[in-house]
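Whatever order the structure lists them in is the order used to number ligands and atoms, beginning at 1. All values below come from the heavy atoms of this structure, side chains included, with hydrogens, waters and symmetry mates left out.
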Amino acid sequence: MKLLVTGGAGYIGSVVSALLLESGHEVVVLDDLSTGHEDAVPEGARLVRGTLRDTAAEVLGGAGFDAVLHFAAKSLVGESVEKPGLYWDKNLGESLALLEAMRVAGVPRIVFSSTAAVYGEPESTPILETDPTRPTNPYGASKLAIDTTLTEYARLHGIGAVSLRYFNVAGAYGRQGERHDIETHLIPNVLKTAQGERDAVRLFGEDYPTPDGTCVRDYIHVADLGRAHLLALEAGAPGTHEIFNLGSGSGNSVLEVLEVCREVTGREIPAEIAPRRPGDPAVLVASSEKIRTRLGWKVERDLHTMVADAWTFLRSR
Ligand SMILES: NC(=O)c1ccc[n+]([C@@H]2O[C@H](COP(=O)([O-])OP(=O)(O)OC[C@H]3O[C@@H](n4cnc5c(N)ncnc54)[C@H](O)[C@@H]3O)[C@@H](O)[C@H]2O)c1
Ligand SMILES: O=c1ccn([C@@H]2O[C@H](COP(=O)(O)OP(=O)(O)O[C@H]3O[C@H](CO)[C@@H](O)[C@H](O)[C@H]3O)[C@@H](O)[C@H]2O)c(=O)[nH]1
């Protein structure tokens, strides 16, 4: 297939681009490099530098694309609370520009990076796709609005859409890994502390209603996540919008992650207890039953592998 990957110079988009190329697809990356890196775009993919709003119509027009994989977004929860307008504009506004460009150019399919943040504070665990969506921050709200827009575009314009709601993505794949300049994610922060880049990792809260008092999350290896995109590409039937959670189905606490990082690195990794981070739910674990039964996807890599691959990647830089 001839594929447009928006955000393909970022963490997850660059891994998925590499997997798509390995499967024999043609890949064009559209990225404004606002948080991505030119040298993260895998060899064999063509990079077009620009925003979705300014560039998508030109890139897609008359070029015979079979599908779009849409990763480009702003995705820092804290920043979204400080600048909600930016998140509505960049996430919903630019996605609308992309969808309109697809409609005009007649591109039939899209796979979209949605997020567990659309669910907000869950009522029960594991989270099902049919559970209530009550996002607690503008990031999650803007992603949910894009999901709603996709349902409309499928119904009214006949596109085939698939939303994948990622839980906590971690790990690396070959030359592609996590390189956020403002890093908020737990695993890279712990590993950067192991490298001596920080004095101590801050553990946000030890008084949650969980077995060890720290938050529980569902970690998924970026390569496992990437494989789901290849399956989702085949699944987007015209006129339908399918939503799948994407996690491992089991949870690990912040302290468990720290322990695995200590095992993998063989380093002590100083840690200190810090106040709770506003907006963090105690437990977020996905039910991935739907994608398992419908698309035959399953997890192949465990938390130890995620940390080991992220560590190898970090040390290679
Ligand atoms: N990392 C996670 O754990 C996680 C979890 C759930 C969902 N997601 C979603 O997955 C997607 C990818 O996340 P990531 O961690 O790889 O982020 P990232 O910041 O590494 O990648 C995003 C890429 O999109 C580009 N971009 C942003 N806005 C753009 C625009 N308007 N036009 C063109 N390019 C633009 C950036 O330059 C960057 O290369 C995002 O949509 C994010 O919301 C990530
Ligand atoms: O330095 C740190 C960083 C994080 N945490 C904690 O570690 C857990 C995981 O945090 P983080 O890695 O920042 O991920 P989340 O906040 O869970 O968010 C990720 O996972 C969500 C789905 O679960 C997605 O919606 C988001 O896009 C994605 O960034 C949370 O309890 C944090 O409080 C720390 O204690 N110290």
**Request:** Go through the steps for D32 and T51 under the test side chain to side chain donor-acceptor pair (under 3.5 Å), then give the verdict.
**Result:** CA-CA 5 Å; D32 65 2; T51 64; 6.0 Å; no

Counting non-hydrogen protein atoms only, what is the nearest one to [atom]? Give residue, atom name and distance.
{"atom": "atom 12 (C) of ligand 1", "value": "F71 O, 3.7 Å"}
{"atom": "atom 43 (O) of ligand 1", "value": "Y139 OH, 2.7 Å"}
{"atom": "atom 5 (C) of ligand 1", "value": "F167 O, 3.5 Å"}
{"atom": "atom 35 (C) of ligand 1", "value": "D32 OD1, 3.2 Å"}
{"atom": "atom 6 (C) of ligand 1", "value": "Y166 CB, 3.5 Å"}
{"atom": "atom 17 (O) of ligand 1", "value": "H180 NE2, 3.8 Å"}
{"atom": "atom 19 (O) of ligand 1", "value": "T35 OG1, 2.7 Å"}
{"atom": "atom 13 (O) of ligand 1", "value": "I12 CD1, 3.8 Å"}

Contact atoms of ligand 1, heavy-atom distance to [X] under 4.0 Å:
{"X": "G36", "value": "36 (C), 37 (O), 38 (C), 39 (O)"}
{"X": "A72", "value": "24 (O), 26 (N), 29 (C), 34 (N), 35 (C)"}
{"X": "Y11", "value": "15 (O), 16 (O), 20 (O)"}
{"X": "T115", "value": "6 (C), 7 (C)"}
{"X": "S114", "value": "7 (C)"}
{"X": "G50", "value": "32 (N), 33 (C)"}

Measure [X] to ligand 2 on non-hydrogen atoms and call it side chain, backbone, both or neither using the 4.0 Å cut-off.
{"X": "L186", "answer": "both"}
{"X": "R202", "answer": "backbone"}
{"X": "Y219", "answer": "side chain"}

**Prompt:** Between E100 and Y153, is a side chain to side chain donor-acceptor pair (under 3.5 Å) present by the stated rule, with each step listed?
**Reply:** CA-CA 9 Å; E100 272 305 290; Y153 268 71; 2.4 Å; yes

**Request:** Compute the shortest N/O to N/O distance between S75 and ligand 2 and return yes if it is under 3.5 Å, no if not.
**Result:**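 No - when backbone and side-chain N and O of S75 are compared with those of ligand 2, no distance drops under 3.5 Å.
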
Any nitrogen or oxygen of [X], main chain or side chain, under 3.5 Å from a nitrogen or oxygen of ligand 1?
{"X": "G13", "answer": "no"}
{"X": "H37", "answer": "no"}
{"X": "N168", "answer": "no"}
{"X": "L30", "answer": "no"}
{"X": "E178", "answer": "no"}
{"X": "S34", "answer": "yes"}

Heavy-atom nearest neighbour of [atom] within options [options]:
{"atom": "atom 35 (O) of ligand 2", "options": "F204, Y208, Y139", "value": "F204"}
{"atom": "atom 3 (C) of ligand 2", "options": "T184, V285, V77", "value": "T184"}
{"atom": "atom 41 (O) of ligand 1", "options": "E38, E94, K143", "value": "K143"}
{"atom": "atom 28 (C) of ligand 2", "options": "E183, H185, E206, R198", "value": "H185"}

**Message:** Could you tell me if R294 sits above the aromatic ring of F244, with its cationic atom closer than 6.0 Å to the ring centre and no more than 45 degrees from the axis?
**Reply:**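 Ring-cation test returns no.
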
**Request:** Tell me whether the guanidinium CZ or amine NZ of R179 lies under 6.0 angstrom from the six-membered ring centre of Y11 and within 45° of its axis.
**Result:**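 Checked: cation-pi criterion not met.
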
Does one side chain, of [X] or [Y], offer a donor that lies under 3.5 Å from an acceptor on the other?
{"X": "R198", "Y": "N189", "result": "yes"}
{"X": "Y166", "Y": "S113", "result": "yes"}
{"X": "H70", "Y": "S95", "result": "yes"}
{"X": "S114", "Y": "D147", "result": "yes"}
{"X": "E82", "Y": "Y87", "result": "no"}
{"X": "S288", "Y": "N245", "result": "no"}
{"X": "D302", "Y": "T305", "result": "yes"}

Taking only Lys NZ, Arg NE, NH1 and NH2, and the carboxylate oxygens of Asp or Glu, determine whether [X] and [Y] approach each other closer than 4.0 Å.
{"X": "E123", "Y": "R134", "value": "yes"}
{"X": "R301", "Y": "D224", "value": "yes"}
{"X": "R227", "Y": "E300", "value": "yes"}
{"X": "K290", "Y": "E129", "value": "no"}

**Message:** If you apply the rule ring pair (Phe, Tyr, Trp, His ring centres under 6.0 Å), what do you find for F112 with H229, and how did you get there?
**Reply:** CA-CA 9 Å; F112 169 60; H229 290 73; over 10 Å; no

**Asked** Is it true that atom CD of E38 has more than 12 heavy atoms of other residues, nucleotides or ligands lying nearer than 6.0 Å?
**Response**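 Open: at most 12 neighbouring heavy atoms sit under 6.0 Å from CD of E38.
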
**Item:** side chain to side chain donor-acceptor pair (under 3.5 Å) against K74, all qualifying residues, sequence neighbours excluded
**Value:**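 In terms of side chain to side chain donor-acceptor pair (under 3.5 Å), with neighbours along the sequence ignored, K74 is linked to no residue.
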
**Request:** Give the contacting part of L33 toward ligand 1: side chain, backbone, both or neither, where contact means a heavy-atom distance below 4.0 Å.
**Result:**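 Backbone only.
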
**Prompt:** Near A117, which atoms of ligand 2 are under 4.0 Å from a heavy atom of that residue?
**Reply:**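 Checking each atom against A117, I get 25 (O).
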
**Prompt:** Which of the atoms of ligand 2 are close to T115, meaning less than 4.0 Å from one of its heavy atoms?
**Reply:**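 It comes down to these atoms of ligand 2: 24 (C), 25 (O), 27 (O).
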
